[in-house]
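This report concerns only the one structure given below.
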Amino acid sequence: MIAMLTTLKITAHDLNNPEIADSLKATLLSGGLVIFPTETVYGIGGHALDPQAAAAIYAAKGRPSDNPLIVHVARFDQIDALAYREQPYIDALAQAFWPGPMTLVLRKKAIVPDGTTGGLSTVAVRIPSHPVAQTVLRLVDVPIAAPSANLSGKPSSTSFSHVEADFLGKVDVLIDGGDVPIGLESTVIDATGSTPVILRPGAITQEMIEAVLHEDVLDHSESLIDGAPKSPGMKYKHYAPQARLEIVAGSDEAVVRFLRQAIAQDPHIGILGPSELLDQLQGGIRFDLGSRTHLEAMAHQLFAALRALDDQQVPHAYFIAVNEAGVGKAIMNRIYKAANHRIITLDESSKGTP
Ligand code: AMP
Ligand code: MG
């Protein structure tokens, strides 16, 4: 049982007030927790070199302690204190994508406590670009461990109402920065070997990485290596709404036919997908994620839509699959997990019934 805290709610603007800034710094340096917006999702931050702060993050999230935290710093010159930059491509990736939604897994230095890395010999590091995240990091001038600010297993928080719902009374400070710009967690890349390996797809896509490095990179985000997930987080339940979520994939005609039948059988069925197909449906509880010609905009709506399923107590929902090119890969990666890999594949000849 975690004791209830008095949570201070502030806005990004309040960080300009020297008294508030000083007290925020004192909170983080003494092991307290602060939730702040980043360009990907909201993060729950604590002093990354203080094992007790890391333990407090795990406790507040209800996160299994072998699922390591991402360590955030403001500037590239802070990386070398934490980890070894062994591969030549690391600097090229940093140059291209930092500050930004990319996390690199590097071999850690002894200063990073096992409590932050779940006992691994590597540490995941990121330089966020969001101005509020940058302000917080520069203010404290220590590395901040900041996993996604959601209760373990739930969708990440992309707006302030999400963090209030999950963490009021459980952390010291919440910083309201409005809706986050991207809405999907960072691309995680294992940068310990001679070839970079994508462990979690995100807004920095495989295509973008390959264009910078002029070489093929590997994507292990869906694979189990030697029977054990390469990134510890992969084995846990993720993003799951209370609804039983299923993916439907197939031609537009087959998907629309299937969903019309599903709505006829159950008018309370939830349907998440692109406008192009939702516009062809009536009834059901529809969550329009926008045009599939704008996958970034669909990604931005995704977690809010999953949370809305819970808010509206929808018991059963379908997600219409999108093409896995570009950011579509990251969208489908999150949805496979949210749906516990349940997928209904329709083709013209199949008589798939809801
Ligand atoms: P979150 O902080 O909630 O965005 O999740 C961080 C993700 O990065 C999880 O999937 C972790 O398993 C992964 N991660 C963090 N540190 C490491 C590491 N040292 N090696 C591999 N994956 C990591
Ligand atoms: Mg997370």
Side-chain angles (χ1 to χ4, degrees), residues 33 35-46 48 53-54 57-58 60-73 79 82-84 86 100-109 112-128 130 133 143-158 162-163 166-167 180 182-193 196-204 218-226 228-240 302-303 306-307 330 333-334 336-338:
L33 302 185
I35 292 185
F36 56 88
T38 83
E39 69 278 21
T40 57
V41 297
Y42 272 84
I44 171 169
I57 293 174
Y58 285 110
K61 276 181 65 93
R63 179 169 177 141
S65 60
D66 65 344
N67 187 2
L69 309 177
I70 295 177
V71 176
H72 295 68
V73 292
I79 301 283
L82 303 171
Y84 298 95
E86 291 165 327
M102 173 184 75
T103 297
L104 296 182
V105 172
L106 305 173
R107 201 158 60 80
K108 84 174 184 75
K109 292 190 174 169
V112 183
D114 283 347
T116 299
T117 64
L120 295 179
S121 59
T122 52
V123 60
V125 290
R126 182 163 100 82
I127 304 177
H130 194 291
I144 294 291
S148 56
N150 53 279
L151 299 177
S152 188
K154 290 284 152 200
S156 300
S157 294
T158 55
H162 303 160
V163 298
D166 284 3
F167 290 105
V180 297
I182 295 175
L184 287 178
E185 307 85 348
S186 58
T187 304
V188 178
I189 304 169
D190 179 349
T192 59
V197 181
I198 297 173
L199 301 179
R200 177 174 71 184
I204 306 290
L218 299 170
D219 185 327
H220 286 174
S221 55
E222 286 298 323
S223 61
L224 298 179
I225 295 165
D226 300 332
K230 188 92 202 301
S231 179
M234 287 183 198
K235 67 177 180 282
Y236 293 109
K237 192 175 133 186
H238 265 91
Y239 316 113
L302 189 65
F303 290 143
L306 290 177
R307 282 180 178 256
N333 166 271
R334 307 310 190 269
Y336 283 129
K337 291 179 180 179

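Residues: numbered from 1 along the sequence shown. Counting starts at 1 for both ligands and their atoms, following the listed order.
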Ile70 heavy atom under 4.0 Å from ligand 1: yes
State whether Asn150 contributes an N/O/S atom found under 2.8 Å from the Mg ion (ligand 2). no
Can you tell me which portion of Asp190 lies within the under-4.0 Å heavy-atom range of ligand 1? Options are side chain, backbone, both, or neither. neither
Under 4.0 Å from one or more heavy atoms of Thr122, ligand 1 contributes atoms 18 (C), 19 (N), 20 (N)
Pairs of donor and acceptor atoms involving the side chains of residues 113-121, under 3.5 Å and at least two apart or interchain, shall be tabulated with distances.
residue: Thr116; atom: OG1; partner: Ala48; partner atom: O; Å: 2.8
residue: Thr117; atom: OG1; partner: Leu120; partner atom: N; Å: 3.4
residue: Thr117; atom: OG1; partner: Leu120; partner atom: O; Å: 3.1

Is there a donor-acceptor pair closer than 3.5 Å between any side-chain N or O of Arg200 and the backbone N or O of Ala330? no
Could you tell me whether a side-chain N or O of Ser156 sits under 3.5 Å from a main-chain N or O of Ser148, the two making a donor and an acceptor? no
Atoms of ligand 1 under 4.0 Å from any heavy atom of Leu120, numbered from 1 in the order shown, are 18 (C), 19 (N), 20 (N)
If we number the atoms of ligand 1 from 1 as shown, the ones under 4.0 Å from a heavy atom of Pro147 are 2 (O), 3 (O)
Kindly identify the option in Arg126, Lys108, Arg200, His72 whose heavy atom sits closest to atom 7 (C) of ligand 1. Arg200
Out of Asn150, Thr158, Asp166, which one pairs with Arg307 under the side-chain hydrogen bond (donor to acceptor under 3.5 Å, both in side chains) rule? Asp166
Show which atoms of ligand 1 fall inside a sub-4.0 Å distance from at least one heavy-atom site of Asn67. 9 (C), 11 (C), 12 (O)
Is ligand 1 under 4.0 Å from a heavy atom in the side chain of Arg63, in the backbone, in both, or in neither? side chain
Do the side chains of Tyr58 and Leu69 get nearer than 4.5 Å, heavy atoms only? yes
Would you call the rings of His72 and Phe36 parallel, tilted or perpendicular, where under 30° means parallel and over 60° means perpendicular? perpendicular
Could Glu39 and Arg126 be called an ion pair, given the rule that one side-chain N must be under 4.0 Å from one carboxylate O? yes
Ser148: numbered ligand 1 atoms lying under 4.0 Å from its heavy atoms: 1 (P), 2 (O), 3 (O)
